[in-house]
A.B. asks: 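Sharing a structure, written as structure tokens. Questions coming.
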Protein chains: 2
Amino acid sequence: MSRFVHPTKEDITLAGVLGALGDPMRLKILKKLLERRHGHLSCSEAAPCTEMAKSTLSHHFRILRDAGLIRTTKQGVENLNSVRWDDLNERFPGLLAVIMKFQL
Amino acid sequence: MSRFVHPTKEDITLAGVLGALGDPMRLKILKKLLERRHGHLSCSEAAPCTEMAKSTLSHHFRILRDAGLIRTTKQGVENLNSVRWDDLNERFPGLLAVIMKFQL
DNA sequence: TCTTATAGTTCAGTATTATTGAACTATAGA
DNA sequence: TCTATAGTTCAATAATACTGAACTATAAGA
């Protein structure tokens, strides 16, 4: 029964957010999640490609979670992930919207 | 006579830019440079604090340069650094302007 | 209930990056 | 030429990231 640790909105830092997004895989994961802004995706649904190690994927989700970019809840056998859109937009207005515009 | 290597505008990547800015020191350096958008600052003028190792500072400037965020030219004993504002704004319109708005 | 499958985490070893003191390079000025 | 200044490069260590293997938790079927 692993409970996920999420930083409070106030504890989200700019360097943390940018650092977490400074990786092509994590950018792709966030883009997939952002496409359904208030929806949820399991880790494997949000994976940028299928031939990547589960542990690697888990690692990247952890980094996104620790930076405050996503919220993870366990539902049955899956983890459901969603972007913390409102928190992020209050903390850093416009940031995610701009990043989301660009390709890759 | 060290010549600095700068990526072409086309070679600047989003993950590279975000990764380079995913560090408090480098964010501070960029902010100082951005305050005089088309001006130039030496490395020591742009240093976030004075009590950091010269080699560490040099390392951070290198990462910013390799990511395409700054251009460095040697002038006398000093290195002059400036933000590649136009290149970045053409490649990722609005990105730097948004990041610049936030504190820390 | 026992077994199997699914989804993901944790562990541990390896690989990559970051940090920093010491030595070095290049330029300017006395 | 000698000294000071500004920064780089090197080399060693510290900290993070990546990933295969083993493990945990839940669901569903026999």
Side-chain angles (χ1 to χ4, degrees), chain A residues 1-7 13 15-30 32-33 39-82, chain B residues 1-7 13 15-30 32-33 39-82:
Chain A
M1 192 189 314
S2 56
R3 297 265 172 62
F4 300 111
V5 179
H6 299 88
T13 66
V17 167
L18 298 179
L21 293 180
D23 177 282
M25 279 192 190
R26 294 196 291 269
L27 266 181
K28 284 181 193 164
I29 291 171
L30 205 85
K32 282 208 185 185
L33 292 175
H40 303 265
L41 285 178
S42 68
C43 294
S44 35
E45 284 174 321
C49 57
T50 50
E51 66 273 10
M52 58 189 309
K54 284 191 304 177
S55 52
T56 306
L57 199 52
S58 185
H59 164 74
H60 286 306
F61 274 95
R62 184 192 223 287
I63 288 177
L64 290 172
R65 195 161 51 232
D66 289 351
L69 280 159
I70 64 173
R71 193 174 290 285
T72 308
T73 54
K74 186 146 196 174
Q75 192 130 73
V77 88
E78 297 183 317
N79 291 355
L80 294 187
N81 300 285
S82 58
Chain B
M1 191 191 313
S2 57
R3 296 264 174 64
F4 300 110
V5 180
H6 300 88
T13 67
V17 167
L18 298 179
L21 293 179
D23 176 282
M25 280 191 188
R26 294 196 291 267
L27 265 182
K28 283 180 192 165
I29 291 171
L30 205 83
K32 283 209 186 183
L33 292 176
H40 303 265
L41 284 178
S42 70
C43 293
S44 36
E45 284 175 321
C49 57
T50 50
E51 66 272 12
M52 61 189 307
K54 283 191 305 177
S55 50
T56 307
L57 197 54
S58 184
H59 164 75
H60 286 305
F61 275 96
R62 183 192 224 286
I63 288 176
L64 290 171
R65 195 162 50 233
D66 288 351
L69 280 159
I70 64 173
R71 192 174 293 285
T72 307
T73 55
K74 186 146 197 173
Q75 192 129 73
V77 221
E78 297 183 319
N79 291 356
L80 295 187
N81 299 284
S82 59

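Here is the naming used below: chain letters follow the sequence lines, and residue numbers restart at 1 for every chain.
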A.B. asks: Taking only residues two or more places apart in sequence, or in another chain, which ones meet A:Pro7 in a side chain to side chain contact (heavy atoms under 4.5 Å, CB included)?
C.D. replies: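 Partners of A:Pro7 by the side chain to side chain contact (heavy atoms under 4.5 Å, CB included) criterion, ordered by chain and then number, come out as A:Asp11, A:Ile12, A:Arg84.
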A.B. asks: Looking only at heavy atoms, what is the nearest atom pair of A:Phe61 and A:Asn81, with distance?
C.D. replies: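 Looking at all heavy atoms of both residues, the closest pair is CE2-ND2, 3.4 Å.
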A.B. asks: Starting from C1' on D:dA25, measure out to CD on A:Gln75 and report it in whole angstrom.
C.D. replies: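 After rounding, the reported distance stands at 15 Å.
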A.B. asks: Applying side chain to side chain donor-acceptor pair (under 3.5 Å), name anything that partners B:His6, two or more places apart in sequence or on another chain.
C.D. replies: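 B:His6: no side chain to side chain donor-acceptor pair (under 3.5 Å) contacts found.
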A.B. asks: What is the distance, rounded to the nearest whole Å, between atom CD1 of A:Ile70 and atom P of C:dG8?
C.D. replies: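 For the pair A:Ile70 CD1 and C:dG8 P, the rounded distance is 11 Å.
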A.B. asks: Please report, rounded to the nearest Å, how far the P atom of C:dG8 is from the NZ atom of A:Lys74.
C.D. replies: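 Answer to the nearest Å: 9 Å.
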A.B. asks: Can you name the residues that form a side chain to side chain contact (heavy atoms under 4.5 Å, CB included) with B:Ser58, not counting sequence neighbours?
C.D. replies: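 Partners of B:Ser58 under the side chain to side chain contact (heavy atoms under 4.5 Å, CB included) test: none.
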A.B. asks: Could you state the CG-C1' distance from B:Asn79 to D:dG7, rounded to the nearest angstrom?
C.D. replies: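 Whole-Å distance recorded here is 6 Å.
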A.B. asks: Could you pull out every donor-acceptor pair under 3.5 Å between side chains of residues 40-47 of chain A and any protein atom, sequence neighbours left out?
C.D. replies:
{"residue": "A:Ser42", "atom": "OG", "partner": "A:Glu45", "partner atom": "N", "Å": "3.2"}
{"residue": "A:Ser42", "atom": "OG", "partner": "A:Glu45", "partner atom": "OE1", "Å": "3.3"}
{"residue": "A:Glu45", "atom": "OE1", "partner": "A:Ser42", "partner atom": "N", "Å": "2.9"}

A.B. asks: B:Thr56: which residues meet the side chain to side chain contact (heavy atoms under 4.5 Å, CB included) condition with it, sequence neighbours left out?
C.D. replies: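 Listed in chain order: B:Met52, B:Ala53, B:His60.
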A.B. asks: Decide if atom CZ of A:Arg71 counts as having more than 12 heavy atoms of other residues, nucleotides or ligands within a radius under 6.0 Å.
C.D. replies: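 Counting other residues, nucleotides and ligands, CZ of A:Arg71 exceeds 12 neighbours.
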A.B. asks: Based on the rotation axes of five pairs at each end, what angle does the helix from C:dT1-D:dA30 to C:dA30-D:dT1 bend through, to 10°?
C.D. replies: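 The end-segment axes of the helix from C:dT1-D:dA30 to C:dA30-D:dT1 are tilted 10° relative to each other.
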A.B. asks: C:dA28, D:dC18, C:dA7: which one has an atom nearest the side-chain heavy atoms of A:Glu78?
C.D. replies: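 Within the option list, the nearest is C:dA7.
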A.B. asks: Residues two or more places apart in sequence or in another chain: which of them pass side chain to side chain contact (heavy atoms under 4.5 Å, CB included) with A:Ala67?
C.D. replies: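 A:Ala20, A:Leu69.
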A.B. asks: Please work out if A:Asn81 contacts a base, only the sugar-phosphate, or nothing of the nucleic acid, heavy-atom cut-off 4.0 Å.
C.D. replies: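 A:Asn81: no heavy atom of the nucleic acid under 4.0 Å.
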A.B. asks: A:Ile29 has an atom CD1; how far is it from atom P of D:dC18, in whole Å?
C.D. replies: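 Nearest whole value for this atom pair: 11 Å.
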A.B. asks: Among residues 52-64 of chain B, which residues get a heavy atom nearer than 4.0 Å to DNA chain C?
C.D. replies: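 Within this stretch, B:Ala53, B:Ser55, B:Thr56, B:His59, B:His60, B:Ile63 sit under 4.0 Å of the strand.
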A.B. asks: Return the set of residues passing side chain to side chain donor-acceptor pair (under 3.5 Å) with B:Ser82 (not counting sequence neighbours), or none when no residue passes.
C.D. replies: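 With neighbours one apart ignored, the set is empty.
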A.B. asks: Which nucleotide, C:dT19, D:dT26, C:dG8, lies nearest any side-chain atom of B:Asp23?
C.D. replies: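 Nearest nucleotide to the side chain: C:dT19.
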